[in-house]
Number of protein chains: 4
Amino acid sequence: MARPSVEAERREQILSAACEVVSELGFKSLRVADVAKRAGTSTGTVHYYFDTKTELMRAAFEWNFTRSLERRRPLLDQQPDPRDRLRMFVDSYLPTDDVTVRAWRVWAELWVEALHDRDLQELNDQVYGEWRRIVAGVVRDGQDRGLFRDEDPVLVANGLIGMIDGLALQVLLGSRSMTVQRMREVCERTIRDLELTAV
Amino acid sequence: MARPSVEAERREQILSAACEVVSELGFKSLRVADVAKRAGTSTGTVHYYFDTKTELMRAAFEWNFTRSLERRRPLLDQQPDPRDRLRMFVDSYLPTDDVTVRAWRVWAELWVEALHDRDLQELNDQVYGEWRRIVAGVVRDGQDRGLFRDEDPVLVANGLIGMIDGLALQVLLGSRSMTVQRMREVCERTIRDLELTAV
Amino acid sequence: MARPSVEAERREQILSAACEVVSELGFKSLRVADVAKRAGTSTGTVHYYFDTKTELMRAAFEWNFTRSLERRRPLLDQQPDPRDRLRMFVDSYLPTDDVTVRAWRVWAELWVEALHDRDLQELNDQVYGEWRRIVAGVVRDGQDRGLFRDEDPVLVANGLIGMIDGLALQVLLGSRSMTVQRMREVCERTIRDLELTAV
Amino acid sequence: MARPSVEAERREQILSAACEVVSELGFKSLRVADVAKRAGTSTGTVHYYFDTKTELMRAAFEWNFTRSLERRRPLLDQQPDPRDRLRMFVDSYLPTDDVTVRAWRVWAELWVEALHDRDLQELNDQVYGEWRRIVAGVVRDGQDRGLFRDEDPVLVANGLIGMIDGLALQVLLGSRSMTVQRMREVCERTIRDLELTAV
DNA sequence: GATGAATGAGGTTTCATTCAT
DNA sequence: CATGAATGAAACCTCATTCAT
């Protein structure tokens, strides 16, 4: 008899394990056996849920993104002031805690894998669309309330998101010059730049 | 008779081939045999110059960076006005031509490989130090001449470089929303923001 | 309540499916899951009826033979003239219709599997004994009635059966030179050779 | 530096090993590792010469046929009398010695594999064409010299070859009723049938 | 009786690396 | 200096079989 909940749970177990392993070893070095061990099962079981390693990785990337967004959604809803909302959003992407670092590392692996994989490019594009829409929305909201400078919200969103990606990468790479603290400052400077200082 | 230049030439040939292959297939899929074929030699010869695949890749990454910088140095020296110099520099990183795209792709591969490799992190940090120094220098120069707003040049440089990296990545990924043209606009907006508009 | 007929039916279903799959994919490529799907059940059920794949195949081979013989028995009984009976018998082995082709293909798979399996050799030998007896019987009957030349009926039967096997194989292999039509001619020539032409 | 003879030798070594293993274990059970061990090398080396297992087997089947024909060619040339030539040819196919038995077993594996492989069907057809031509040629020669009955040589050849295949198969299967001795008798009867008994 | 999720042993194939020439 | 044949350690994936439900 089918126990759907069991199957769904097992699937998540494997995807979570896959993300952990990717984050630790990288896509290149990841072996299906590593994921299996981490998930507490066998390679056979992993292949029972995901036909190929490629399919497993695609699902893991998707799962990583979905979880990232789920974690942020409630945060955004709680901030009525667009300035707080923007800061909260940017702040949540600073690679401080383990969960965020792991998500970033998985994301970085996706980027490079996507350079040679049309399907992953599609996934990346969807996700960035979502993010751009969120950030641009916040900016527009702030402008409507007279809190942000009047600039093209899409350009601002693109610039901000790009900056976050690039800086996070350097932080992840353990750069001595680009620490989380520095990253926070750079982002803060950019946001402040956007704000209209009340006279 | 052994001519040292022959060895040096052959080395470059192999490194160039390695970068081409990395750019096309990615680090993960690159085989020593691919590099050998591209360089017009045999795997044996590749291993004659580079003991291991890891060593080969490290050298290739270094070579990729050196060439990148060499290509830009003369450009920078030709622009006396810091505003032009900054624009020129940023412009040269737009992934328009094949050479620049290839360099970016190799660079992206380095990032992700470095996530799990201390030595490559070191290399990355050196290179970013160099870039930060260049950009911050231009900013400082502009400020000294009263052309740029008075902000911490290091913060500005970090923000700009981060943004370029993040945007370039999206362009390389063939994002429908982030094209080279859009990237240029976002960068231009940021630079203009830095400039003091003469009264 | 358990109805024995249900079990028997299910068994036949599985055996029939096994023969179909063997005929299509070959013993080598046959998977228990294929048989299950074809029979409209699960691998679990297949294993409920047959402990191992080997056992399943043995049963399938046996079933294939039994059905072959059952299909022919009534035909033989209807022909009083030994000449007609022989022709009818040979004719029924020409791989024309789908059922006969399928039976032949399963048979061919058995041959090769039996090369490395004593038990299957035993099965093959029983079956050939049966056939030899039938053919030799017809020949003897024909000789008794003065219709066939006086030759050792066993030698004749062996020759004829061997020829049918070898030719059928070539037809099954889609040989351009050995078609069903050609096979029929060769067999006819051999049978005619056996007949005493009335003066 | 390339040593062509070494490569060719190694190739033959592997093909010979492959045929031995196929003959012993069957295509289905053959593992590349078995062939490697038999050839005294590693699986890596086998794959250096043959990209895939399929390719290896195709080459082995071809090699098996070529060798079979080479072994017979000189025998045929030595017999001026068509009757002797036909007997010699048929005799050489009796599965008596190890070499002949091995060749037959490999051949049988080809048949069944070819049932599901268009390329192997092609190979089978070529080979049978060759044999049919040889046998039909001998028959025609015998008829021209007034030694054989006047029947369609192609029909005769097809019948004879089919019979040899079918009988050999039974002998290979260790049939208690069809031994090499019986097979010889059946063939002899058929040949004698073809001869015109001098008055 | 029937199911199908889970297992893990085993096979093919890849590929960095070595070394005799 | 250069080659490329040979190696063998891994890795992915398959699939017969089991067993809890």
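In what follows, every chain begins at residue 1, and chains take the letters A, B, ... in the order their sequences are listed.
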Short side-chain N/O contact to dA6(E) OP1/OP2 from R10(A), under 4.0 Å
yes
Is there a donor-acceptor pair under 3.5 Å between the side chain of K53(A) and the backbone N or O of L30(A)?
yes
Have a look at E24(A) and tell me which of R38(A), R105(A), R102(A) forms a salt bridge (Lys or Arg N to Asp or Glu O under 4.0 Å) with it.
R38(A)
Of dA16(E), dC12(F), dT18(F), the nucleotide closest to the side chain of H47(B) is dA16(E)
Any-strand Watson-Crick or G-U partner of dA20(F), both distances under 3.5 Å
dT3(E)
For L30(D), which contact category applies under a 4.0 Å heavy-atom criterion: base, sugar-phosphate, or nothing?
sugar-phosphate
Pairing nucleotide - dC12(F), Watson-Crick or G-U, each distance under 3.5 Å
dG11(E)
Options dA16(E), dT18(E), dG1(E), nucleotide nearest the side-chain atoms of Y49(C):
dG1(E)
Which part of the nucleic acid, if any, lies within reach of F50(C) when heavy atoms closer than 4.0 Å are counted: base, sugar-phosphate only, or nothing?
nothing
Whole-Å distance, K53(B) NZ to dA9(F) P, equals 19 Å
Side-chain contact check for T45(C): nearest option of dA16(E), dT3(E), dT12(E) is dT3(E)
In whole angstroms, the gap separating C1' of dT14(E) from NZ of K28(A) amounts to 15 Å
Toward the 5' end of DNA chain F, by each residue's nearest nucleotide, A33(A) or Y48(B)
Y48(B)
Nearest-angstrom distance from the residue atom CZ of F27(A) to P of dA11(F)
15 Å
Any side-chain N or O of S42(C) less than 4.0 Å from the OP1 or OP2 oxygen of dT3(E)?
yes
Comparing R31(D) and V46(C) on DNA chain E - which has the more 5′ nearest nucleotide:
V46(C)
Given atom CG of L25(B) and atom C1' of dC15(E), what is their separation to the nearest angstrom?
14 Å
Walking DNA chain F from its 5' end, the first of G44(D) and T52(A) to be reached, judged by nearest nucleotide, is G44(D)
Between dG1(E) and dT21(F) - P atom distance, rounded Å:
22 Å
Under 4.0 Å, counting only non-hydrogen atoms across every strand here, what does T41(D) touch: a base, just sugar-phosphate, or nothing?
sugar-phosphate
